[in-house]
Protein chains: 2
Amino acid sequence: MIFSKSCVYGLRASIYLASISGDKYISIKGLSDKLDISFHFLTKILQELTAADLLESMKGPKGGVRLSRSGSEITLKEVVVAIDGPAIFTECVLGLPGCGSEKPCPMHAMWEDTRDEINEVFMNTTLQNMSKEGKAKDLRITPDGKFIWS
Amino acid sequence: MIFSKSCVYGLRASIYLASISGDKYISIKGLSDKLDISFHFLTKILQELTAADLLESMKGPKGGVRLSRSGSEITLKEVVVAIDGPAIFTECVLGLPGCGSEKPCPMHAMWEDTRDEINEVFMNTTLQNMSKEGKAKDLRITPDGKFIWS
DNA sequence: AAGTTTTAAGACAATTTTGTCTTAAATATA
DNA sequence: TATATTTAAGACAAAATTGTCTTAAAACTT
Ligand code: SF4
Ligand code: SF4
């Protein structure tokens, strides 16, 4: 699996948050119901995104989380890096330490271009790109087909 | 991490085996020393490759493992699929079940091309490609720099 | 001010992955 | 045939990831 489950959950939640207009806080309970992710687990993941300043949170009634910037200003790469770290964009197949520097591994040449393309794609795609695409075409972001954009 | 550790170890060992000429069996103990991988763990991984008919094994003195075909006829993709399964070549970012079919996720469009490129690269690169490259340029396939091609 | 709702923090448990060890079976050699 | 060497198989342990639960702190409501 390319990304950890935490990362996938973080992406799903971020994309969904980007689909919501206004600056209201959305409760994590609501998110976890909608996205079919364990509430406490999702809370921990979103805390990482809050710590990375991608989300803002508010306690109490009317509290919850929201994007700290417009969804058009947050890239998928930022979300991935906040949860899984930058390895996928900088390292490679054999995962040798000190990659790409003086002594590469044999796979470096074959992998470098692909890795850079992954980097490009994730750096150039925003949460808004994904939420608009998903909403417009009514695409799912959960395993079951029950998810409904709001 | 894109591939599991088992998969990375399997790739390292396969590439090294492809660098050895002749049809001698190479002992797993020798491999594990050379590649700095736990002997028993490597044994288990190589058993998967043997079960997938990528390696042949022989017990007893003079026993060990060897490629079942020429390194020029075994692709990196075959090794990866044997250990980690085909998911990376067929699935995607959000890892939703039944991917790419009737109801894709919003990331499908952005990811499809990259995923197919990964597939191409791994399908078109052989163990011999990698071992020749590594041997010719004396590139490392282990974390420490002590590895020496033989 | 008191009570309710919600995130924060962290302890804890379950699962998966990674790694170790023991025993058995097969093969070569003496 | 007896012994040593090596893979096969699987039990077991350690570590990382994933998931659950409890308590505390903050913010709103009455
Ligand atoms: S040399 Fe290149 S391909 Fe090899 S491990 Fe390092 S970054 Fe990855
Ligand atoms: S729809 Fe495409 S990108 Fe989304 S999970 Fe399925 S294969 Fe991956």
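The model shown is predicted, which means the values in this text are computed figures rather than measured ones. Protein chains get the first letters and strands the later ones, always in sequence-line order, with residue 1 at the start of each. Excluded from the calculations below are hydrogen atoms, water molecules and symmetry mates; all remaining heavy atoms, backbone and side chain alike, are included.
- Taking atom CD1 of residue B:Ile83 and atom P of nucleotide C:dT18, one finds them 11 Å apart after rounding to whole Å.
- Remark: of the listed residues B:Phe89, B:Tyr9, B:Phe122, B:Phe122 is the sole one forming a ring-ring contact (aromatic ring centres under 6.0 Å, His included) with B:Phe3.
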Footprint string (nucleotides 18-30 of chain D, 5' to 3'): B base within contact, S backbone only, - free, heavy atoms under 4.0 Å: SBBBB--BBBBS-
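- A cation-pi contact, defined as under 6.0 Å to the ring centre and within 45° of the axis, is absent between B:Lys34 and B:Tyr16.
- The interatomic distance linking B:Ile45 (CD1) with D:dA8 (C1') rounds to 15 Å, in whole Å.
- Across the protein-nucleic acid pair, A:Asp33 atom CG and C:dT6 atom P stand 11 Å apart, rounded to whole Å.
- Atom pair B:Ile26:CD1 and D:dT5:C1' shows a separation of 15 Å (rounding to whole Å applied).
- At whole-Å resolution of the value, CG in B:Leu49 and P in D:dT7 are 14 Å apart.
- Using a 4.5 Å heavy-atom threshold, the side chains of A:Leu31 and A:Val65 count as touching.
- In this structure, B:Phe41 and B:Ser32 have side chains that are not in contact, with every pair of non-hydrogen atoms separated by 4.5 Å or more.
- Whole-Å rounding puts the A:Lys24 NZ to C:dT7 C1' distance at 19 Å.
- Dashed line: the shortest gap from a side-chain N or O of A:Ser57 to OP1 or OP2 of C:dA8 is under 4.0 Å.
- Using a distance-only test at 3.5 Å, with no hydrogens or angles considered, no donor-acceptor pair links the side chain of B:Glu112 to the main chain of B:Ala109.
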Listed pairs under 3.5 Å, donor-acceptor, residues 44-64 of chain B side chains, sequence neighbours left out:
residue: B:Thr50; atom: OG1; partner: B:Leu46; partner atom: O; Å: 2.9
residue: B:Glu56; atom: OE1; partner: B:Arg66; partner atom: NE; Å: 2.9
residue: B:Glu56; atom: OE1; partner: B:Arg66; partner atom: NH2; Å: 3.1

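- One atom, CD of B:Glu48, and another, C1' of C:dG19, lie 14 Å apart when rounded to the nearest Å.
- Regarding A:Leu55, its CG atom lies at a distance of 18 Å from the P atom of C:dT6, rounded to whole Å.
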